[in-house]
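Structure first, commentary second.
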Amino acid sequence: MGSRFFLGIKSHEMTAEMVEQSKTLPFYFIFFCCCAVLMYFIGDEVKVFNNKGWYLQPMLGPAIGLSIMTLLSFIKVVQSFVFLRFLSLSVVLHYLTQMVSVHRIAFWAVGSFYIYIHALSFIGFLPSNLVLLLFMLFVAKKLDRYWGLVACATAVAIVVIFRVVIGLWMDDVWLYGLLPDSVADFCNMYL
């Protein structure tokens, strides 16, 4: 009686709103789990300054945002428990296949950025940026001569901004060690 009163319908009926909310339950549950895992490992990812104030902690801003996302996704998951009985394996599989097909460009972007981060120490700053930009243009079906030249100019501008203006330097690239010393020093400084 209580659940029938709460839902306002018979237990075997399911409204269109309930169908839509039961389809979003996997997203909120996965999102909550990811946020909780990130919250658990946040102390391992950043250096904590013990002798300085709380306002100088580099993880403070991301920790606040992540806490809010975790709390809101938890609230949504708890609210969705009403629709848990309508959730089946076919709904979850349909949701996952639909999500992957709709957001395939985002998955390509995430994968290419992951490869870009790991390629920085292997092939260098300029080649990594250039490959990332060209790949993004290719995935977006915008790669032609004009956008290829714009990507090259953008990669050079990124190097000038981060290496020369800001002065952000990284470790020596392993691949440049195979070059003669003078060329390797130049590449490690600017490429």
Side-chain angles (χ1 to χ4, degrees), residues 1-50 52-123 125 128-129 131-133 135-141 158 162 168 170-171:
M1 177 75 182
S3 63
R4 286 175 47 185
F5 177 75
F6 177 73
L7 293 175
I9 57 172
K10 294 179 184 173
S11 61
H12 64 277
E13 294 178 5
M14 188 167 170
T15 64
E17 178 185 354
M18 293 170 74
V19 170
E20 288 303 313
Q21 288 191 6
S22 68
K23 287 181 181 176
T24 61
L25 179 60
F27 168 77
Y28 287 114
F29 181 73
I30 291 169
F31 190 73
F32 169 72
C33 291
C34 291
C35 288
V37 167
L38 288 173
M39 285 291 291
Y40 179 76
F41 288 116
I42 198 166
D44 296 337
E45 295 298 320
V46 293
K47 181 180 177 185
V48 177
F49 300 114
N50 292 331
K52 301 199 172 25
W54 61 269
Y55 49 87
L56 288 178
Q57 300 297 330
M59 67 177 176
L60 184 64
I64 291 172
L66 192 58
S67 300
I68 292 171
M69 288 191 304
T70 305
L71 178 67
L72 293 177
S73 61
F74 177 73
I75 290 170
K76 192 66 175 174
V77 167
V78 169
Q79 287 175 346
S80 298
F81 276 143
V82 170
F83 308 108
L84 195 58
R85 64 181 156 178
F86 299 110
L87 192 64
S88 65
L89 183 61
S90 64
V91 169
V92 172
L93 290 177
H94 177 71
Y95 172 79
L96 290 175
T97 55
Q98 184 180 11
M99 183 184 73
V100 168
S101 66
V102 168
H103 300 293
R104 65 186 173 276
I105 299 296
F107 288 122
W108 278 105
V110 167
S112 62
F113 192 72
Y114 179 80
I115 292 170
Y116 163 75
I117 293 296
H118 290 287
L120 281 172
S121 63
F122 185 71
I123 63 172
F125 195 64
S128 297
N129 282 312
V131 168
L132 177 69
L133 292 171
F135 181 74
M136 290 294 185
L137 287 171
F138 174 75
V139 168
K141 297 180 183 173
I158 289 171
F162 284 102
L168 178 68
M170 290 180 282
D171 295 335

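Since we're looking at a predicted model, the values are computed, not measured.
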>> Return the CD1 to CG distance between Ile158 and Asn129, rounded to the nearest 0.5 Å.
In response: 4.5 Å
> If every non-hydrogen atom of Ser67 is compared with every non-hydrogen atom of Met39, which pair is closest and at what distance?
Replying inline: OG-CE, 3.3 Å
>> So, taking the atom named SG in Cys35 and the one named CG in Leu72, what distance separates them when rounded to the nearest 0.5 Å?
In response: 9.5 Å
>> Before you tell me yes or no, could you show the steps for Val131 and Tyr116 under side chain to side chain contact (heavy atoms under 4.5 Å, CB included), namely the whole-Å CA-CA distance, both residues' side-chain angles and the distance that decides it to 0.1 Å?
In response: CA-CA 8 Å; Val131 168; Tyr116 163 75; over 6 Å; no
> Quick one: does Leu133's side chain get under 4.5 Å of Met136's, heavy atoms only?
Replying inline: no
> What is the distance from atom SG of Cys34 to atom CZ of Phe29, rounded to the nearest 0.5 Å?
Replying inline: 10.0 Å
> For the residue pair Phe32 and Phe74, does the interplanar ring angle fall in the parallel (under 30°), tilted (30 to 60°) or perpendicular (over 60°) class?
Replying inline: tilted
> Taking all non-hydrogen atoms of both residues, which atom of Ala119 and which atom of Ser128 are closest, and how far apart?
Replying inline: O-OG, 3.3 Å
>> For Val100 versus Phe107, what's the shortest heavy-atom pair and its separation?
In response: CA-CE1, 3.7 Å
> How far apart are the closest heavy atoms of Ser112 and Ala109, and which atoms are they?
Replying inline: OG-O, 2.9 Å
>> Taking CZ in Phe138 as the centre, count heavy atoms belonging to other residues, nucleotides or ligands within less than 6.0 Å. Is the count above 12?
In response: no
>> Rounded to the nearest 0.5 Å, what separates atom CG in Leu132 from atom CG in Leu137?
In response: 9.5 Å
